[in-house]
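Values reported hereafter were calculated over all heavy atoms of this structure, with side chains retained and with hydrogens, waters and symmetry mates removed. Here the structure is a predicted model, which means the values were calculated and not measured. In what follows, chains carry the letters A, B, and so on, assigned in the order in which the sequence lines appear, proteins first and then strands, with residues in each chain numbered from 1.
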Amino acid sequence: MGSSSGDLRYELSQNAYIKLVLHSLNHPTSSVNGVLIGRISPSNDAVLIDDAVPLFHSHLGLLPQLEISLPLIEEYFSAKGLNIVGYFHANERSDDYELGGVAKNIGDHICRYFPQAAILLLDNKKLEALKKSKDRSAVTQLYVRDASKNWKLVQSEGNSRFSLREPSANLILLDYISTEKWKGIVDFDDHLDDISKDWLNPGLFN
Amino acid sequence: MVTKTEENQLNRLESQVDNAGGGAWEYLCLVRKLKLRRSDKVLNHGLSILNNPSKRSALGPEEWTLYEQVAVAAMDCQSLDVAKDCIKVLRKKFPDSKRVGRLEALLLEAKGSWELAEKAYSSLLEDNPLDQTIHKRRVAMAKAQGNIPGAIEWLNKYLEIFMADHDAWRELAEIYVSLQMYKQAAFCYEELILSQPTVPLYHLAYADVLYTLGGLENLQTAKKYYTSTIDLTGGKNTRALFGVCLCTSAITQVTKGKSKEEKEGSQVQSLAAKMLEKDYKQRAPDKLPQLTTALKSLTLTS
């Protein structure tokens with residue numbers, strides 16, 4: 001068995017990161033969520049988050065849409081050797097830093113299939129400050145489950161447990177924001193409203 | 001709620017105006033009519049008209065409506081100086097107006113001056129106790145400050161008086177869902193279905209909430225409402241088709257196959273599954289393999 005969540009590092013790829021933040025920007029007045037896609041590193045000491053799928057921007061607390069989307073997404077990625085390894089959540093209000101019940105429940109559900117799953121919560125203040133701060137760290141907070149299966153915030157200062165894979169990710173993100181790239185993002189809600197819309201967002205980074 | 005035709009018309013106009021093809025005023029009128037929230041566009045295009053003296057005078061008396069629309073959009077985009085200027089113009093033109101008073105209170109809200117805004121709204125309500133907009137602002141302020149129980153309380157009080165306000169029922173339902181208070185959310189959708197029984201959106205939302213609540217009775221009712229959604233939408237609603245499949249599978253799991261409705265149930269389910277597969281084959285063929293696998297595993301458990 002690999003190391004417990006107490007030791008694991010979490011590494012977020014640029015593509016996954018940008019997709020999730022752009023999704024939040026596309027729906028500035030609602031809470032949004034998504035799943036993280038990835039694998040355990042060959043050295044067994046990290047969870048590598050290679051991709052992400054934006055899920056919903058309304059009624060996040062309802063089960064049917066979740067029970068439709070997760071199997072479809074898992075099925076697609078398992079063919080590529082990847083799994084759902086975590087959950088992303090952005091709260092409705094910009095000053096809300098609480099990890100709510102809905103987020104925890106979905107996180108717990110994902111942990112049943114991938115015990116080392118993590119939750120990323122959007123940090124709105126950091127996102128807002130990004131233009132001026134030139135900060136290289138991600139505008140998200142990392143939560144993992146402790147031994148009693150409670151979700152705990154992993155402190156971000158000087159954090160070696162959570163990193164962006166590509167150091168220039170924030171620069172790319174800012175560039176995408178300035179060109180309003182969030183407009184093209186398709187989430188699972190959009191797909192269910194019109195199945196010709198692709199939740200893989202294939203053309204996003206061209 | 002906006003129809004598909006209206007949405008298409010709006011998007012067409014929007015891209016036309018964005019690409020400097022004219023039609024800004026038409027676009028702004030449509031946004032106002034449909035009560036949509038496109039504040040960055042409204043601010044942008046509205047200001048371009050207001051800052052152009054000849055365009056502005058061409059509007060005639062509608063000029064003031066535009067000032068109001070741009071003021072609200074500016075507040076939504078946190079361009080508070082623009083909002084202040086617009087409100088000043090309106091105040092000069094209409095010195096005793098309560099409508100302008102509402103905008104001034106809204107500006108206090110936008111600044112985060114909650115107590116001052118609350119005072120302003122209270123005094124406006126004294127003169128006009130049945131002003132729906134102001135009552136709703138109270139709910140919005142509670143929500144903005146993170147006081148969700150307060151928002152629920154205000155919204156319930158509001159609905160006691162204005163029980164025909166469908167948007168308010170929907171808002172309340174959504175707040176309940178976000179707090180995982182599904183029984184209360186179900187009640188809201190029941191009210192909506194009672195007053196507007198042919199709107200498929202409410203049947204669908206109600207079914208979703210019942211499914212989330214779980215338990216045999218709720219699952220059976222949810223299935224009925226997914227089916228009625230399919231009826232009302234001519235079988236075109238993907239969520240309802242999926243919903244039927246999920247319900248049938250869940251019901252079988254709960255009753256462990258002892259239910260008599262099983263045969264009937266699986267007929268509806270296989271019909272829904274067929275419709276989904278047909279639709280995916282036509283419009284999303286690259287997603288068909290995953291769909292087939294997922295549906296198979298749902299039918300295997302039923």
Point to revise | Candidate pair A:Ile73 and B:Gln290, rule side chain to side chain contact (heavy atoms under 4.5 Å, CB included), full reasoning | key: CA-CA 8 Å; A:Ile73 296 172; B:Gln290 295 91 36; over 6 Å; no
Check your understanding: Does the side chain to side chain contact (heavy atoms under 4.5 Å, CB included) test come out yes or no for B:Ile148 and A:Arg93, once each step is laid out?
Key -> CA-CA 11 Å; B:Ile148 310 297; A:Arg93 291 189 326 279; 3.9 Å; yes
Exercise for review: Using the side chain to side chain contact (heavy atoms under 4.5 Å, CB included) rule, take B:Lys287 and A:Ile195 through it: C-alpha gap first, then chi angles, then the decisive distance, then the call.
Suggested key: CA-CA 9 Å; B:Lys287 299 286 184 301; A:Ile195 60 170; over 6 Å; no
Review point. Under the side chain to side chain contact (heavy atoms under 4.5 Å, CB included) criterion, do A:His191 and B:Thr238 qualify, and how do the steps go?
Key: CA-CA 9 Å; A:His191 174 78; B:Thr238 311; over 6 Å; no
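Annotation for A:Leu72 and B:Ala294: closest pair CD2-CB, 3.8 Å, computed over non-hydrogen atoms.
Between chain A and the residues B:Val209, B:Leu246, B:Leu213, B:Asp76, the largest count of heavy-atom pairs under 4.5 Å involves B:Leu246. Your options are A:Leu60, A:Thr29, A:Asp96, A:Asp95, and the one with the most heavy-atom pairs under 4.5 Å with chain B is A:Thr29.
Interface remark: A:Ser58 contributes no atoms to any contact with chain B (heavy atom separation under 4.5 Å). For B:Leu204, no part sits under 4.5 Å from any heavy atom of chain A, backbone or side chain. With a threshold of 4.5 angstrom between heavy atoms, B:Ser178 approaches chain A through N, CA, C or O but not through any side-chain atom. When heavy atoms are compared at a cutoff of 4.5 Å, A:Glu74 does not approach chain B at all. Contacts between B:Asp286 and chain A at a heavy-atom distance below 4.5 Å involve the side chain alone, from C-beta outward. At a 4.5 Å heavy-atom cutoff, the contact between A:Asp193 and chain B is made by backbone and side-chain atoms alike. Neither the backbone nor the side chain of A:Asn91 comes within contact range of chain B; no heavy atom of the residue lies under 4.5 Å from a heavy atom of that chain. Heavy-atom distances place no part of B:Ala207 under 4.5 Å from chain A, backbone and side chain included. There is no contact between B:Tyr176 and chain A, counting heavy-atom distances below 4.5 Å. Heavy atoms of A:Gln65 lying under 4.5 Å from chain B belong exclusively to its side chain.
A donor-acceptor pair under 3.5 Å is formed between the side chain of B:Thr212 and the backbone N or O of A:Leu63. One N or O on the side chain of B:Arg239 and one on the backbone of A:Asp189 form a donor-acceptor pair closer than 3.5 Å.
Remark: A:Glu180 CD is packed, more than 12 non-hydrogen atoms of other residues, nucleotides or ligands lying under 6.0 Å away. Taking a 6.0 Å sphere around CZ of B:Arg37, one finds it holds 12 or fewer heavy atoms contributed by other residues, nucleotides or ligands. A 6.0 Å sphere centred on CD of B:Glu153 holds no more than 12 heavy atoms belonging to other residues, nucleotides or ligands. Atom NZ of A:Lys152 has more than 12 neighbouring heavy atoms from other residues, nucleotides or ligands inside a 6.0 Å radius.
Aromatic ring centroids of A:His59 and B:Tyr182 lie 6.0 Å or more apart.
For the pair A:Glu67 and B:Leu298, the minimum side-chain heavy-atom distance is 4.5 Å or more.
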